[in-house]
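The structure under discussion appears below in the form of structure tokens.
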Amino acid sequence: MKIIESDFQNQILAFVQNKLANIFFFNHIAVVEMNEGVHFSSSNADIITDELNSYFGTSKPFGVVANRINSYSVDLLDTPVYREKIKNLKAYGVVGHDKAGKMNAKMENNFCISDKVDYDSIYDAINQVYNKVKSSSMFSLQ
């Protein structure tokens, strides 16, 4: 389910579309829906991380939910590079909608700092990621 087809659609504060993804911004969360066939790696990560830093700044804690509505690949060995670019990221979640998406989401668990990153629904992912951001020691309402 796309985020714009969910009950969260009325809470979207901003939207960015670029050659890699559609990014939907909420108060302390961004939902990223990568385009079909994209390969996300350190060579193009700035396209997404610059948007996240532009919206959230470099100190406001936030979370990201990757809504895997399309098939795409991620260079998981570059995870430390992604983390370095968005230091105020406090939580991450991945929603898989089919067998391949769920398998990829489970693999991402091994490369992330969060306890659990794979979710079966956009609702669970957003709620859990938001709660992790909210409970982070740096959380503020600014």
Side-chain angles (χ1 to χ4, degrees), residues 1-76 78-109 111-142:
M1 167 186 302
K2 292 181 179 183
I3 192 69
I4 60 171
E5 298 168 349
S6 75
D7 292 340
F8 292 114
Q9 69 179 333
N10 295 331
Q11 298 174 42
I12 297 169
L13 301 175
F15 165 74
V16 172
Q17 184 176 30
N18 59 44
K19 68 180 186 177
L20 294 183
N22 293 331
I23 308 170
F24 302 88
F25 293 98
F26 298 82
N27 192 17
H28 288 281
I29 293 183
V31 174
V32 179
E33 295 179 344
M34 299 293 279
N35 294 331
E36 182 72 31
V38 163
H39 177 66
F40 185 76
S41 69
S42 60
S43 66
N44 61 10
D46 287 347
I47 295 170
I48 302 292
T49 58
D50 287 353
E51 293 292 351
L52 296 172
N53 285 329
S54 175
Y55 187 81
F56 293 112
T58 56
S59 61
K60 179 179 180 177
F62 71 96
V64 170
V65 173
N67 191 20
R68 277 188 163 271
I69 58 168
N70 294 311
S71 178
Y72 62 92
S73 61
V74 177
D75 190 339
L76 293 174
D78 285 345
T79 299
V81 174
Y82 314 143
R83 293 280 310 148
E84 185 64 28
K85 293 175 186 267
I86 46 176
K87 294 181 181 184
N88 47 326
L89 177 68
K90 298 298 176 189
Y92 179 71
V94 182
V95 182
H97 295 279
D98 57 19
K99 190 173 182 176
K102 290 175 191 276
M103 180 187 70
N104 285 317
K106 287 190 182 300
M107 284 192 318
E108 287 188 47
N109 268 329
F111 291 87
C112 293
I113 59 171
S114 300
D115 296 334
K116 173 184 167 56
V117 300
D118 62 308
Y119 298 94
D120 292 328
S121 79
I122 192 70
Y123 300 103
D124 287 343
I126 287 176
N127 287 326
Q128 291 300 318
V129 167
Y130 178 75
N131 285 332
K132 288 177 185 179
V133 172
K134 192 168 74 170
S135 67
S136 74
S137 60
M138 294 178 56
F139 185 77
S140 72
L141 296 176
Q142 297 176 345

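As a basis for the values below, the full set of heavy atoms in this structure was taken, side chains included, without hydrogen atoms, waters or symmetry mates.
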(Q) Working note: I29 + F62, criterion side-chain contact (heavy atoms from CB on, under 4.5 Å); need CA distance, chi angles, decisive distance, verdict. (A) CA-CA 5 Å; I29 293 183; F62 71 96; over 6 Å; no
Distance in Å, [X] [atom1] paired with [Y] [atom2], rounded so as to fall on 0.5 Å steps:
X	Y	atom1	atom2	answer
L52	T49	CG	OG1	7.0 Å
M1	F8	CE	CZ	10.0 Å
D46	K85	CG	NZ	3.5 Å
S59	N53	OG	CG	10.5 Å
I122	I126	CD1	CD1	4.0 Å
K60	N88	NZ	CG	10.0 Å

Q) Is a side-chain donor or acceptor of S6 paired with a backbone partner of I3 at a separation under 3.5 angstrom? A) yes
Q: Apply side-chain contact (heavy atoms from CB on, under 4.5 Å) to the pair H39 and D75, showing each step before the final yes or no.
A: CA-CA 7 Å; H39 177 66; D75 190 339; 4.1 Å; yes
Heavy-atom pair of closest approach, residues [X] and [Y]:
X	Y	result
H28	P61	ND1-O, 3.1 Å
Y119	G93	CE1-CA, 3.9 Å
V129	G63	CG1-CA, 3.7 Å

(Q) With a 4.5 Å cut-off on side-chain heavy atoms, are N70 and M34 touching? (A) no
(Q) Is any side-chain heavy atom of D7 closer than 4.5 Å to one of Y123? (A) yes
Per-pair distances, 0.1 Å, donor-acceptor, side chain in residues 10-26, under 3.5 Å, sequence neighbours excluded:
| from | atom 1 | to | atom 2 | distance (Å) |
| --- | --- | --- | --- | --- |
| Q17 | NE2 | N22 | OD1 | 3.4 |
| N18 | OD1 | L20 | N | 2.8 |
| N18 | OD1 | A21 | N | 2.9 |

Q: Could you walk me through whether D118 and R68 pass the side-chain contact (heavy atoms from CB on, under 4.5 Å) test, one step at a time?
A: CA-CA 11 Å; D118 62 308; R68 277 188 163 271; over 6 Å; no
**Q.** K2: salt bridge (Lys or Arg N to Asp or Glu O under 4.0 Å) partners, not counting sequence neighbours
**A.** none
Q.
Assess the residue pair D78 and S42 against the criterion (side chain to side chain donor-acceptor pair (under 3.5 Å)); give the C-alpha distance rounded to whole Å, side-chain angles, the decisive distance to 0.1 Å, and a yes or no.
A. CA-CA 6 Å; D78 285 345; S42 60; 3.1 Å; yes
Q: Verify the ring-centre separation between F40 and Y82: is it less than 6.0 angstrom?
A: yes
